[in-house]
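In what follows, chains are A, B, ... by sequence order, proteins preceding strands, each numbered from 1. It should be emphasised that the depicted structure is a prediction, and the values quoted were computed from it without experimental measurement.
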Amino acid sequence: MSRAFTPKVITANRLLEGDAVWLTEDDRWSPDMAQAELIDDEAHAQIRLLHAQGQPDVVVGPYLVDAKPGDDGPLPTHFREAFRTRGPSNYAHGKQAEV
Amino acid sequence: MYVYNDFDEKFVRERTAQFRGQVARRIDGSLTEDEFKPLRLMNGLYLQLHAYMLRVAIPYGTLSSTQMDQLAYLAETYDKGYGHFTTRQNIQYNWPKLADVPDMLDALADVGMHAIQTSGNTIRNVTADHFAGAAADEIEDPRPVAELLRQWSTDHPEFQFLPRKFKIAITGSPNDRAVTRAHDIGLRMVRNDAGEPGFEVIVGGGLGRTPMVGKVLRDFLPKADLLPYVEAIVSVYNLLGRRDNKYKARIKITVHENGLDKIRELVDAKFEQIKAGFAGFDQQLLAQIEQHFAAPAFKQASTAGFEAAKAANPAFRSWSDTNLTAHKADGYAIVSVSIKKQGATPGDATADQMRVLAQLARDYGHDELRISHEQNVILPHVHKSDLPAVYAALREADLATANIGLISDIIACPGMDYCALATARSIPVAQEIATRFDELKLEHEIGPLKIKISGCINACGHHHVGHIGILGLDRAGVENYQITLGGDGTEDAVVGERAGPGFAYDEIVPAIERIVLAYLELRASDEETFLQAYRRVGMAPFKAALYPAQEDKANAA
Ligand code: SF4
């Protein structure tokens, strides 16, 4: 039994910086999740994941993760992914400090 | 203090140079991540949620002022101005860049420190009583033995690929401040009937997914037999430990599945076989190491000024009551510096704070510092006549919080604010509990109470042995916190009992408040601590306070 495919984005950490990044439609790695490509199709998701995995000199550990459409672009659905878009909650460090 | 000899120095420098080459090859693409990951982990480098993290060992929690200054330098140069002290007496840097890590390791090697074996299925940093060498109740300073174990285990060819990670803790005092019963091997110094010092050897303790209190493998091991005996235990485990299932690979499961008697039989046989091979070499080495740990030249001075300052200054008196511990030398005290001002992140110290502490160690502390598994910094040897000056300097640096052992002295692991394995946050829960009880002005009335928080089942925050333990979980995509009560990490170690269904993020602080208020209501006297009260009355009244009017509504689990 296969479950219905839910929309996803591809995310990873950058090799040099270690920060969280998302794969965009035009093949960039963006530190802003809103710029990520929201993938609705399972076969396309696998192709994009292979593409991401083919860049070990740029990113580490790419994976597909659930996301939902938002006004400005894809949004996280799980709190872990939400934290990755912001940074830690005890200091204004990481992305929340950079934007 | 132990100072690296030529061999240690050469080994650490070589490893750093190798790692520099490995990082360069990773960056230029000649190493894949699959190839590189085990290499970086061997050097303490993790990849976390927002960045890399470098974990540096502070062997048996001991630092000199020079080393502390260097940790401050790293915090400032390669991190965001702070470092995080952990329950395993390590310091973690949360924001290094990959290309900088070899320089960080070189800077550590400059002061005789490294990040080797802070990861992987090896023998990890040997932890010790943070009052070692100073405590009034101590039989002997356990750190020479800890250093012997460090040298023996570092790069030990047989023990680089154990079934799972392996943690050893040691205390030289019968009062266990090193949680020895929650380690793979715990060593607790005791005396035999003849009054000779030796070790109670505890094996198979551990927290995590399957918490277990360690069992006594030997109630008295002569000191001279220690190294071959520990090697015998690790050898037996190396062969017998399960490699088919990561969750069953720790020695606690090996002991559980094979039985203590079988393990004892195998260890004794192995010990007999290898003992002769040590040929006293370990004892010669230990004798050399012991010279590095000679007690400082304690001074003689009047303590009248200390008593007068206590009488004159209530804040100083309050701090003295909570943050000082009895020292073995006349006129001295052990100072625990809380780096957990209410609302601060447990275990974090800024570079400036580290420098102040290093300077205090130089000026008043015989150049010694310790990091406790409870994530505070210790000045182990301060003469009482210097305490008013030390206190004034700590106040100046915002480090004079009088809360050691109290409700805001919380252990919290990094949790989902940093850790890639986390299932929920732990730091903000600790911050909010500490802030709440500070607002209520109840902290001192509540008295000794240990709250420990972990952000996942791995239990780095020791929640199972907290008087109140909090475990953060992911329940259907929402943070959920499970409470355990009655845990204890001392020589009478007990794993806490689950109170019932968990609480959502915004319910956990009020839940803790209900437990504590219930305790204040039901305690027999002001002297009865939370743990004593819990042992007397059991879970029921706390459950009633936690789940008012909905005790049977089990759906929240
Ligand atoms: S207990 Fe879990 S969340 Fe906390 S530091 Fe350990 S692995 Fe990370």
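Annotation: the span from A:Phe83 atom CZ to B:Arg425 atom CZ amounts to 3.5 Å, rounded to 0.5 Å.
When heavy atoms are compared at a cutoff of 4.5 Å, B:Val23 does not approach chain A at all. At a 4.5 Å heavy-atom cutoff, B:Pro414 makes no contact with chain A through either its backbone or its side chain. Contact annotation for B:Phe36: neither backbone nor side-chain heavy atoms come within less than 4.5 Å of a heavy atom of chain A. Residue B:Glu479 touches chain A through both its backbone and its side chain, counting heavy-atom pairs closer than 4.5 Å. With a threshold of 4.5 angstrom between heavy atoms, B:Ala420 approaches chain A through its backbone and through its side chain.
Residues B:Asp474 and A:His78 have side chains that bring a donor and an acceptor to within less than 3.5 angstrom of each other. Side chains of A:Asn90 and B:Tyr418: a donor-acceptor N/O pair is present below 3.5 angstrom, by distance only. A side-chain donor from one of B:Asp348 and A:Tyr91 sits under 3.5 Å from a side-chain acceptor of the other.
More than 12 heavy atoms of other residues, nucleotides or ligands shown are found within 6.0 angstrom of CD on B:Glu35. Within a 6.0 Å sphere centred on NZ of B:Lys80, other residues, nucleotides and ligands contribute more than 12 heavy atoms. Counting heavy atoms of neighbouring residues, nucleotides and ligands inside a 6.0 Å radius, atom NZ of B:Lys341 does not exceed 12 of them. Crowding of A:Asp72 atom CG: a count of heavy atoms from other residues, nucleotides or ligands under 6.0 Å not exceeding 12.
Residues B:Arg26 and A:Val59 share a closest heavy-atom pair of NH2-O, 4.3 Å. What you find for A:Asn13 and B:Leu49 is that their closest heavy atoms are ND2-O, 3.3 Å. In terms of heavy-atom proximity, A:Pro88 sits nearest to B:Asp417 at CB-O, 3.5 Å.
Between B:Trp95 and A:His93, the two ring planes are perpendicular [angle over 60°; tilted spans 30° to 60°].
For the set A:Pro56, A:Gly61, A:Ser89, A:Ala20, the count of heavy-atom pairs under 4.5 angstrom toward chain B peaks at A:Ser89. Here A:Glu17 is the residue among A:Glu17, A:Arg84, A:Arg86 with the most heavy-atom pairs under 4.5 Å with chain B. Among the candidates B:Asp100, B:Thr345, B:Ile427, the residue making the largest number of heavy-atom pairs closer than 4.5 Å to chain A is B:Thr345.
At distances below 3.5 Å, not a single donor-acceptor pair connects side-chain atoms of A:Asp57 with backbone N or O atoms of B:Ile27. Here the side chain of A:Arg80 pairs no donor or acceptor atom with the backbone of B:Ala422 at under 3.5 angstrom. The closest donor-acceptor contact from the side chain of B:Tyr52 to the backbone of A:Leu15 lies under 3.5 Å.
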